[in-house]
Amino acid sequence: MSLELVAVAVPVPLYKTFDYLVPARLRGRLQPGMRVKVPFGRRQLVGVALEAPREAGGDLAQYRHVEELLDEETLLPREMLGLARWAADYYRHPPGEVIWALLPGNLRRGQPARLPDDAGLRLTRSGSAALAELPSRKKALRSLLQALGPGPQPRSALPRGPALATALESGWVETVPAAALPFTLAETPPELTPEQSAAWTALQATGGFDVALLQGVTGSGKTELYLRRVAEVLERGGQALVLAPEIGLTPQLVARLQQRFGEGVAAFHSGMSEGERTKSWLRARSGAARVVVGTRSAVFLPFARLELIVIDEEHDPSYKQQEGFRYSARDVAVLRAQRLGIPLILGSATPALETLHNARTGRYRRIELSARVGRGAPPQVRALDLRGQTLQHGLSAPLLDKVQQHLDAGGQALLFINRRGYAPMLLCHDCGWIAPCAHCDARMTLHRGRRRLICHHCGAQQPAPSACASCGGKNLQPVGEGTERIEDALRNRFPMVRTERFDSDRLAKKGELEQLLAGIRSGDIRILVGTQILAKGHDFPGLSLVGIVSADQALYGADFRAVERMGQLVTQVAGRAGRSAGIQGDAAPPAEVLLQTHEPEHPALQQLMRGGYPALAELLLAEREAAGLPPYSHLALLRAESMEAELPLRFLAAARELLAPHADGVMLSDPVPALMERRGGFTRAQLLLQSGSRAALQKLLAACVTRLDGLPEARKVRWSVDVDPADLF
Ligand SMILES: Nc1ncnc2c1ncn2[C@@H]1O[C@H](COP(=O)(O)OP(=O)(O)OP(=O)(O)O)[C@@H](O)[C@H]1O
Ligand SMILES: [Zn+2]
């Protein structure tokens with residue numbers, strides 16, 4: 001009998017898969033997508049078979065044997081293996097690590113995978129017979145069987161207790177998969193507004209693969225359209241995936257979906273325990289979870305019958321993984337939808353410039369919602385000129401007066417500042433010393449509540465000093481503002497109302513955000529101070545004033561996406577205001593959005609205030625086109641870092657030499673120090689690859705990336721390649 005070899009992906013940082021011999025006892029059982037235990041060096045690893053075993057001849061002495069087969073059923077369906085292979089190629093990441101990224105922790109360690117889909121119960125024929133005979137004192141059992149009389153039911157709709165166990169044991173009741181349950185809505189959907197109706201017709205117009213950009217202003221009822229699209233899929237027995245950019249936004253989406261569909265809604269994000277994640281993963285795989293709401297990594301869930309993907313807030317930078325396997329969940333979703341031939345909805349009030357460009361060139365369909373449900377458009381952003389104003393902890397008198405006015409009128413105020421801590425630097429007024437991070441080219445941020453200096457780049461901490469490290473003087477002053485300082489200032493100024501801070505320091509504990517959000521809805525919290533955590537997706541009906549403490553930094557941000565991000569954040573945070581107008585009888589005063597700036601004439605701000613985000617996007621697209629930046633070109637960034645200062649540039653110079661002969665239609669920059677050259681003790685440098693053609697860029701990467709580790713200069717250097725980088729830091 002001839003021997004068989006199987007290609008296995010193992011979790012090692014190497015750009016290849018490994019062949020193993022299939023022992024006779026596993027012949028005919030081992031299938032692509034199953035996990036195996038294999039020897040690797042002196043270790044034993046869990047890997048995934050990527051292909052069906054193939055007959056092999058010749059000298060096979062060099063190969064080792066698969067030791068154990070861990071799955072009875074295919075764990076990763078073919079679709080997932082193909083998607084992983086594509087992602088490994090496109091992002092130039094080791095295939096074993098990509099496959100690894102698709103599995104939850106329990107399954108990586110080789111724990112057994114059970115794929116239960118017993119979401120529903122049905123009465124069997126013997127069950128019907130039993131029901132007729134059961135004595136009336138068997139109350140619980142009778143009522144269970146009776147409830148199942150009309151047809152299968154979800155478990156959750158049935159009475160719990162020992163009766164169910166008896167019924168299952170006796171064969172009177174059997175389980176059925178989720179897809180076999182009758183589809184019912186748990187609530188009656190609202191009637192669509194005329195604008196929503198038009199969008200709905202447009203959304204439904206095509207079948208098969210289709211990317212629709214649903215560009216709807218904040219509060220225009222995009223979610224209602226997602227829900228309807230999901231309903232169609234569930235009705236056919238399909239599954240849907242809804243992605244949100246942040247863990248904090250998943251509970252409200254899960255709640256909305258449960259309210260509409262009842263059972264079968266699962267969540268998947270890194271805020272869940274490993275056990276919970278594994279459960280959701282397996283339920284997606286088995287089909288028991290009919291809708292999954294998740295963050296970035298959920299794009300790789302192994303659905304049994306995926307028929308729709310929705311990406312809410314598609315512009316959000318969190319969809320891009322920034323370390324290790326650097327994929328964009330949005331772009332992976334587009335590819336996945338294409339391979340499956342299913343629709344994808346990208347929803348946003350402020351689409352990414354890449355997405356707008358794809359809509360312009362006809363690759364995506366654009367469907368617009370220009371009005372809010374209820375009435376009118378979101379409030380306009382007005383500039384508040386700071387020049388010549390005295391500031392109290394970064395807040396101008398006119399802004400503070402506005403807060404007072406809105407509080408008096410029964411409204412709520414949100415002050416937005418995208419910086420945590422008390423102040424971004426601590427300055428010695430006597431000698432000019434500024435507390436630096438010892439490991440980064442950066443300043444330490446003062447966190448006054450914790451009495452510490454913290455570096456926001458490497459996490460280094462130290463107690464806040466009471467004297468200058470340089471001259472010993474006692475005159476240390478915090479300079480600039482963070483959320484803590486704004487919170488303090490507002491508490492002092494408005495002691496009679498409750499002010500709360502929303503940032504990742506304050507919301508470290510599980511459940512805290514939910515509690516505070518409830519406090520906002522009930523009106524208990526009157527002033528909100530927060531970072532982008534507050535900007536996204538939340539619905540605050542009583543919020544009438546939004547004050548943007550500062551956006552000036554972004555106008556001069558070193559990254560080419562800084563102004564785009566600023567425009568998105570400002571528009572999103574502005575969109576939290578005035579959402580109840582016309583819906584809840586105008587309880588809150590008319591909404592206002594004020595942006596403090598020293599640069600009211602800046603063209604980007606002018607454009608944003610006059611024409612909103614769409615106008616700003618026009619301006620930025622024209623700038624990008626003139627500069628040959630994305631979406632008018634494609635980028636990849638080769639990064640290197642080392643403890644030894646001169647090595648990264650030396651490595652990149654060697655890399656450049658290796659790349660240059662293959663760089664057909666691709667521009668290679670010179671190796672340059674990173675914007676923040678030293679971070680966390682490492683010296684960092686980068687090399688930019690730029691091309692008008694994605695194919696040319698891919699060809700170059702395919703020819704060279706796997707050879708970079710072979711360069712002698714690669715020793716003592718950590719390097720990585722970032723395809724379609726989100727930023728150039
Ligand atoms: N047809 C409708 N009739 C009545 N109310 C509706 C309708 N559609 C949506 N709503 C309500 O209007 C509000 C705003 O809708 P939704 O949250 O879906 O907007 P959105 O476009 O997703 O907003 P954002 O981009 O800010 O998240 C919600 O309270 C929603 O329940
Ligand atoms: Zn640091």
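As the structure is a prediction and not an experimental result, all values here were calculated from the model. Atoms within a ligand are numbered from 1 in the order they appear, just like the ligands themselves.
With sequence neighbours excluded, no residue forms a side-chain hydrogen bond (donor to acceptor under 3.5 Å, both in side chains) with Thr683. With sequence neighbours left out, the side-chain hydrogen bond (donor to acceptor under 3.5 Å, both in side chains) criterion links Glu368 to no other residue.
Short contacts between ligand 1 and Gly221, defined as distances under 4.0 Å to a heavy atom of the residue, involve ligand atoms 9 (C), 15 (O), 16 (P), 18 (O), 19 (O), 20 (P), 21 (O). Residue-ligand proximity, Arg576 to ligand 1, at heavy-atom distances under 4.0 Å covers atoms 26 (O). For ligand 1, the atoms sitting less than 4.0 Å from at least one non-hydrogen atom of Ser220 are 19 (O), 20 (P), 21 (O), numbered in the order shown with element in parentheses. Per-residue contacts place Glu191 under 4.0 angstrom from the following atoms of ligand 1 (heavy atoms of the residue considered): 1 (N), 2 (C), 3 (N). Near Leu192, meaning under 4.0 Å from any of its heavy atoms, are these atoms of ligand 1: 1 (N).
Expressed to the nearest 10°, the angle at the Zn ion (ligand 2) joining SG in Cys440 with SG in Cys458 is 100°.
Here the straight-line distance linking atom OH of Tyr319 with atom CD of Glu314 works out to 8.5 Å at 0.5 Å rounding.
The shortest N/O to N/O separation between Gly219 and ligand 1 falls below 3.5 Å. Between Gln196 and ligand 1, an N or O atom pair is found at a separation short of 3.5 Å.
The closest approach between a heavy atom of Gly216 and any atom of ligand 1 is not below 4.0 Å.
Side-chain contact check for Ser522 and Asp524: no donor-acceptor pair (N or O, by modelled atom type) lies under 3.5 Å.
Counting heavy atoms from C-beta on, the side chains of Ile311 and Ile345 never come closer than 4.5 Å. You'll find the side chain of Leu414 reaches within 4.5 Å of the side chain of Leu534, heavy atoms only.
The cationic group of Arg521 does not satisfy the cation-pi geometry with Phe540, failing either the under 6.0 Å distance to the six-membered ring centre or the 45° limit from the ring axis.
Neither the backbone nor the side chain of Ala349 has any atom closer than 4.0 Å to an atom of ligand 1 (non-hydrogen atoms only). If you look at Val373 next to ligand 1, the close heavy atoms, those under 4.0 Å, all belong to the side chain.
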